[in-house]
Amino acid sequence: AQRLVRVLCPVCKRAYRPMDQDLAKVGLAQSVLAGGVCYRSVGCDSCSGTGYQGRTGIFEVLLIGDRLRRLILSNSDAGTLRAAAVTGGMTTLKEAAAQCIAAGRTSIDEVIRVMQDEVMDARV
């Protein structure tokens with residue numbers, strides 16, 4: 001899976017301390033944030049008032065190993081396959097989005113906007 005999220009403008013992005021319920025929406029823990037802060041869009045001349053400049057991808061990539069191949073061939077259900085993939089080290093789309101937020105590249109609001117159709121589980 002993949003999604004494009006807008007990148008925060010480096011000139012005008014503003015740091016703030018997010019509320020726990022905002023972090024819960026994207027499954028992010030306060031302890032993961034550098035200095036406990038996130039960034040939000042503001043808008044300036046550099047970004048034409050949008051608060052964003054460009055886009056970046058967030059990706060969920062599934063590599064098929066022996067265990068997963070056996071599960072696929074045995075017609076295992078999707079839940080079993082996903083659990084095996086995550087156990088095997090797959091980074092989920094939600095985890096990739098949380099990493100992008102924690103790195104200060106995008107905002108919580110942008111991730112929610114882009115992933116509104118995804119199930120936003122509270123675990124990361």
Side-chain angles (χ1 to χ4, degrees):
Q2 62 186 352
R3 299 287 186 278
L4 285 176
V5 293
R6 296 178 294 176
V7 175
L8 288 165
C9 174
V11 176
C12 66
K13 70 179 182 180
R14 295 286 183 260
Y16 74 103
R17 291 201 181 276
M19 299 178 72
D20 288 338
Q21 62 264 31
D22 293 334
L23 292 173
K25 289 178 185 175
V26 292
L28 194 57
Q30 189 79 256
S31 61
V32 176
L33 300 175
V37 298
C38 282
Y39 294 88
R40 63 171 42 125
S41 63
V42 176
C44 66
D45 289 338
S46 181
C47 62
S48 300
T50 65
Y52 297 95
Q53 283 188 341
R55 294 182 185 267
T56 191
I58 51 174
F59 306 96
E60 176 177 270
V61 179
L62 174 60
L63 299 176
I64 307 294
D66 290 336
R67 179 170 183 240
L68 212 46
R69 184 174 287 110
R70 281 192 302 275
L71 289 171
I72 292 168
L73 292 173
S74 68
N75 292 323
S76 296
D77 64 278
T80 302
L81 292 173
R82 183 168 186 79
V86 170
T87 301
M90 179 182 86
T91 300
T92 66
L93 190 62
K94 186 185 66 160
E95 290 168 338
Q99 290 169 0
C100 200
I101 292 167
R105 288 191 304 270
T106 196
S107 65
I108 290 174
D109 292 337
E110 177 65 2
V111 167
I112 291 170
R113 182 188 73 81
V114 169
M115 296 180 64
Q116 64 188 352
D117 59 334
E118 300 294 321
V119 176
M120 298 304 286
D121 188 352
R123 298 178 313 241
V124 169

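Just so you know, residue 1 is the first one in the sequence shown, and it goes up from there.
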Do the side chain of [X] and the main chain of [Y] share a donor and acceptor less than 3.5 angstrom apart?
X	Y	result
T80	S76	no
K25	D20	no
E110	R40	no
T50	Y52	yes
R3	A1	no
T106	R6	yes

May I ask you to check whether over 12 heavy atoms, not counting those of D45, lie within 6.0 Å of atom CG?
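Incorrect, the count does not exceed 12.
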Around atom CD of Q21, are there more than 12 heavy atoms of other residues, nucleotides or ligands at under 6.0 Å?
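Atom CD in Q21 is packed in, count exceeds 12.
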Check whether any side-chain heavy atom of [X] sits under 4.5 Å from a side-chain heavy atom of [Y], and report yes or no.
X	Y	answer
S107	S41	no
E95	T92	yes
I64	L62	yes
Q30	L23	yes
Y39	I108	no
V114	L4	no

Hey, what do you get for [atom1] ([X]) to [atom2] ([Y]), rounding to the nearest 0.5 Å?
X	Y	atom1	atom2	value
D109	C38	CG	SG	10.0 Å
C47	L8	SG	CG	9.5 Å
T87	R67	OG1	CZ	6.0 Å
I112	D22	CD1	CG	6.5 Å
R105	T56	CZ	OG1	6.0 Å

Among I58, V26, V5, exactly one meets side-chain contact (heavy atoms from CB on, under 4.5 Å) together with M115. Which residue is that?
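By the side-chain contact (heavy atoms from CB on, under 4.5 Å) criterion, M115 pairs with just one of I58, V26, V5: I58.
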Starting from [Y], can I reach [X] by hopping between I/L/V/M/F/W/Y residues whose side chains sit under 4.5 Å apart?
X	Y	value
V86	I72	yes
F59	L68	no
Y16	V11	no

Heavy-atom closest pair, residues [X] and [Y]:
X	Y	answer
P18	G36	CD-O, 3.7 Å
S74	L71	OG-O, 3.0 Å
C12	G43	SG-N, 3.3 Å

Do E60 and R82 sit within salt-bridge range, that is, some charged N less than 4.0 Å from a carboxylate O?
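Yes, this pair counts.
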For the pair R14 and V42, evaluate side-chain contact (heavy atoms from CB on, under 4.5 Å) and give the outcome as yes or no after the intermediate values.
CA-CA 7 Å; R14 295 286 183 260; V42 176; 3.0 Å; yes
